[in-house]
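The structure presented is a predicted model; accordingly, all values stated were derived computationally and were not measured. Order of the sequence lines sets the chain letters (A, B, ...), proteins ahead of strands, with each chain counted from 1.
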2 protein chains.
Amino acid sequence: MFVLIDPTTVTPVFAQIAESIATQIATGTVATGERLPAAKDLAGSLGVNVHTVLRAYQELRNDGQVELRRGRGAVVLGTPTAEALRVAVARAATEAKAAGIPIGTLLALIRKEYES
Amino acid sequence: MFVLIDPTTVTPVFAQIAESIATQIATGTVATGERLPAAKDLAGSLGVNVHTVLRAYQELRNDGQVELRRGRGAVVLGTPTAEALRVAVARAATEAKAAGIPIGTLLALIRKEYES
DNA sequence: ACCTATTTGTCCGTATGTATG
DNA sequence: CCATACATACGGACAAATAGG
């Protein structure tokens, strides 16, 4: 796992790590089902704290790109985009219902956003 | 700001705080534009660490319910559901396009999810 | 069935930085 | 210039789930 941290930028270290890994997932540098290095190990090789790496991993989990389990580690999800889409769709539907937005209006919003 | 922490449950403290405040926002107990107590103060009154409260605040920000600014504090957003919906819609559309999902399929997914 | 090591999850404490007022 | 308040990072401790012997 190659991650380069730029100390001169304003982007937080945990965000840099998350973005770097996300790029590697998107480009196929790290394959589906592959296990990311243990947070402790990656932290050691990067010279940062374990918590910083764990926060990066949790960012990736929130984006639906990896699955985190205690004792198992961080595993790249099989269909990251499909999973992310599922989460996004569920969220949009939930928010719309909570806001009292009818299905027709929601679909119009989606269509407009999609075509922009 | 009244927040009750239950030490017997498995739900993390930061999640309990976030849920409690989210409920108070939803029920109007805390009004739009109102400022949440400083993390340090709330932490003090709850007997927890500042970071625990800050993490709860950041959860609320990720859900589009509050706005966090350095030096200013945490302010309850004016139209939380509308903003959250806008973000959710944009995300769903973006993910679908990235995944190569056509608009018709996306709309069908949305409709199915909405009606479930 | 048991024990141990691994690995993430949460929380605490401290320090420093940065935007706001 | 100064106080306030969130943001990030480090370090330590313990818990909980998993895997392997």
- Could you give the CD1-to-C1' distance, from B/Ile5 to C/dT10, as a whole number of Å? 13 Å

- Members besides A/Val50 in its Ile/Leu/Val/Met/Phe/Trp/Tyr cluster (side-chain heavy atoms under 4.5 Å): A/Leu54

- Message: Counting only heavy atoms not in B/Lys97 (residues, nucleotides, ligands), do more than 12 fall under 6.0 Å from its NZ?
- Response: yes

- Spacing of A/Leu54 atom CG relative to C/dC11 atom P, expressed in whole Å: 14 Å

- Query: Is any side-chain N of the basic residue among B/Glu95 and A/Arg86 closer than 4.0 Å to the acidic one's carboxylate O?
  - Reply: no

- Check DNA chain D against residues 37-44 of chain A and give the residues with a non-hydrogen atom under 4.0 Å, in numerical order. none

- Task: Compare all side-chain heavy atoms of A/Leu36 with those of A/Val75 and state whether any distance is below 4.5 angstrom.
- Result: no

- Message: Heavy-atom nearest nucleotide on DNA chain D for B/Tyr57 versus A/Pro12: which residue maps closer to 5'?
- Response: B/Tyr57

- Is any NZ, NE, NH1 or NH2 atom of the basic residue among B/Arg69 and B/Glu67 found under 4.0 Å from an Asp or Glu carboxylate oxygen of the other? yes

- Minimum-distance pair of heavy atoms, taken over all atoms of A/Ala96 and A/Leu106: CB-CD2, 3.7 Å

Listed pairs, N/O of protein and of nucleotides 2-4 of chain C, under 3.5 Å:
none

- Search all heavy atoms of B/Pro37 against all heavy atoms of B/Met1 and return the closest pair with its distance. CG-CB, 3.8 Å

- Query: Taking only residues two or more places apart in sequence or in another chain, which ones pass salt bridge (Lys or Arg N to Asp or Glu O under 4.0 Å) with B/Glu34?
  - Reply: none

- Nucleotide interval of DNA chain D bounded by contacts with chain B (heavy-atom cut-off, under 4.0 Å): D/dT4 to D/dA9

- State, with a plain yes or no, whether a side-chain heavy atom of B/Leu42 is found less than 4.5 Å away from one of B/Tyr57. yes

- Item | For A/Gln16 against A/Asp6, the heavy-atom pair lying closest together | OE1-N, 2.8 Å

- Where do B/Thr32 and B/Leu77 come nearest, in terms of heavy atoms and distance? OG1-O, 3.7 Å

- Note on the structure: Heavy-atom nearest pair, B/Arg91 first then A/Ala88, reads CG-CB, 3.9 Å

- Query: Between A/Gln58 and C/dG9, is there a side-chain N or O to OP1/OP2 distance below 4.0 Å?
  - Reply: yes

- Item | Atom of A/Ala92, atom of B/Val89 and distance for their closest heavy-atom approach | CB-N, 4.4 Å

- Query: OP1 or OP2 of C/dG9 less than 4.0 angstrom from a side-chain nitrogen or oxygen of A/Arg61, does that happen here?
  - Reply: yes

- Task: Going 5' to 3' through nucleotides 12-19 of chain C, assign each nucleotide B (protein heavy atom under 4.0 Å from a base atom), S (under 4.0 Å only from sugar-phosphate atoms) or - (no protein heavy atom that close).
- Result: SBB--BBB

